[in-house]
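As a basis for the values below, the full set of heavy atoms in this structure was taken, side chains included, without hydrogen atoms, waters or symmetry mates. Keep in mind it's a predicted model, so treat the numbers as computed, not measured.
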Amino acid sequence: MATVEITADTFEKTIAENDIVLVDFWADWCGPCKMFAPVFDKSSENHGDVVHAKLDTDANQQLAGALGIQGIPTLMAFREGVLVFNQAGALPAKSLEEVVTAVKNLDMEEVHAQVAKMKAEDEAAS
């Protein structure tokens with residue numbers, strides 16, 4: 001599957017409608033982003049079952065700010081709508097492959113249980 005461009009308008013829908021989504025937050029002026037782009041594109045070719053999305057932080061500043069993007073490139077991985085990985089910096093191909101494999105192998109029942117527990121603790125503390 002080819003890398004897809006997403007925007008603030010399509011971000012939530014992309015996350016909600018796909019099992020695994022990797023999002024590369026980037027900007028045209030960013031040298032490390034340009035170095036990471038071919039690595040990300042190659043991963044999209046190798047993992048057709050994973051949506052590889054790119055979001056231009058300059059064109060989507062409000063969303064990037066709301067998500068706490070402080071450096072680019074930043075890679076976020078979502079599985080079943082849950083943020084399961086978030087790291088700034090360009091990853092080498094081997095490290096990106098390890099992230100994809102780890103995300104695919106997550107026990108999502110356990111992840112959803114942990115999310116529910118954290119929500120309950122937050123509500124109890126409020």
Side-chain angles (χ1 to χ4, degrees):
M1 175 184 293
T3 304
V4 297
E5 295 286 332
I6 60 172
T7 65
D9 293 335
T10 58
F11 178 80
E12 285 188 29
K13 182 178 189 215
T14 302
I15 302 302
E17 292 183 355
N18 295 282
D19 182 42
I20 300 174
V21 180
L22 299 182
V23 182
D24 173 21
F25 294 85
W26 68 282
D28 192 48
W29 51 264
C30 168
C33 297
K34 290 180 179 183
M35 290 181 356
F36 181 58
V39 173
F40 193 71
D41 290 342
K42 181 72 172 166
S43 178
S44 74
E45 294 170 14
N46 293 338
H47 297 282
D49 56 335
V50 176
V51 174
H52 286 65
K54 296 180 73 69
L55 188 132
D56 182 342
T57 57
D58 284 344
N60 299 276
Q61 291 180 9
Q62 190 170 1
L63 176 60
L67 292 170
I69 304 298
Q70 296 182 349
I72 53 174
T74 289
L75 179 67
M76 289 186 175
F78 296 85
R79 173 103 187 259
E80 296 179 11
V82 177
L83 176 63
V84 295
F85 180 84
N86 181 3
Q87 181 175 312
L91 294 174
K94 183 175 187 249
S95 297
L96 180 56
E97 183 65 25
E98 289 170 0
V99 169
V100 172
T101 300
V103 170
K104 286 182 176 184
N105 290 334
L106 283 172
D107 177 349
M108 288 311 292
E109 284 186 29
E110 177 64 25
V111 170
H112 287 297
Q114 289 175 2
V115 169
K117 181 181 177 190
M118 287 189 302
K119 276 186 181 176
E121 289 172 356
D122 285 349
E123 289 171 7
S126 298

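Residue Leu67 comes nearest to Met76 through the heavy atom pair O-CE, 3.7 Å, listed as atom of the first residue, atom of the second, then distance. Closest heavy-atom contact between Val39 and Ala93: CG1-CA, 3.6 Å. Scanning both residues, Thr57 and Ala27, for their nearest heavy atoms gives OG1-CB, 3.7 Å. Between Pro73 and Cys33, the shortest heavy-atom contact is N-SG, 3.5 Å.
A donor-acceptor pair is defined here as one N or O able to donate and one able to accept, closer than 3.5 Å; no such pair exists between the side chain of Thr10 and the backbone of Ile6. Distance alone, capped at 3.5 Å, is enough to place a donor-acceptor pair between the Asp107 side chain and the Glu110 backbone. Thr3 places no side-chain N or O within 3.5 Å of a backbone atom of Ala53 that could act as its donor or acceptor partner. Proximity of a side-chain donor or acceptor of Thr101 to a complementary backbone N or O of Glu98 within less than 3.5 Å is not detected. When atom types are taken as modelled, the side chain of Asn60 and the backbone of Thr7 share no donor-acceptor pair closer than 3.5 angstrom.
Using bins of under 30°, 30° to 60° and over 60° for the plane-to-plane angle, the ring pair Phe78/Phe11 lands in the perpendicular bin.
Rounded to the nearest 0.5 angstrom, Leu96 CG and Lys42 NZ are separated by 12.5 Å. Summarising the geometry, atom CZ belonging to Phe40 is positioned 5.0 Å from atom NE2 belonging to His52; distances are rounded to the nearest 0.5 Å. Between Ile69 atom CD1 and Asn86 atom CG the span is 6.0 Å, to the nearest 0.5 Å. Of the inter-residue distances, the one linking Thr74 atom OG1 with Phe36 atom CZ reads 10.0 Å to the nearest 0.5 angstrom. For the atom pair Glu80 CD and Ile20 CD1, the distance stands at 8.5 Å (nearest 0.5 Å). Rounded to the nearest 0.5 Å, atoms CG (Asp58) and CH2 (Trp26) are 8.5 Å apart.
Atom CD of Gln114 has more than 12 neighbouring heavy atoms from other residues, nucleotides or ligands inside a 6.0 Å radius. Other residues, nucleotides and ligands contribute more than 12 heavy atoms inside 6.0 Å of the CD atom of Glu121. Within 6.0 Å of CD in Gln70 there are 12 or fewer heavy atoms belonging to other residues, nucleotides or ligands.
Side-chain atoms of Arg79 and Val111, non-hydrogen and from C-beta on, never get closer than 4.5 Å to each other. Using a 4.5 Å cut-off on side-chain heavy atoms (C-beta onward), Leu22 and Phe85 make no contact. Contact annotation: the side chain of Lys104 approaches that of Val50 to within less than 4.5 Å [non-hydrogen atoms, C-beta and beyond].
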* Walk me through it: do Lys34 and Asp28 pass the test side chain to side chain contact (heavy atoms under 4.5 Å, CB included)? => CA-CA 8 Å; Lys34 290 180 179 183; Asp28 192 48; 4.1 Å; yes
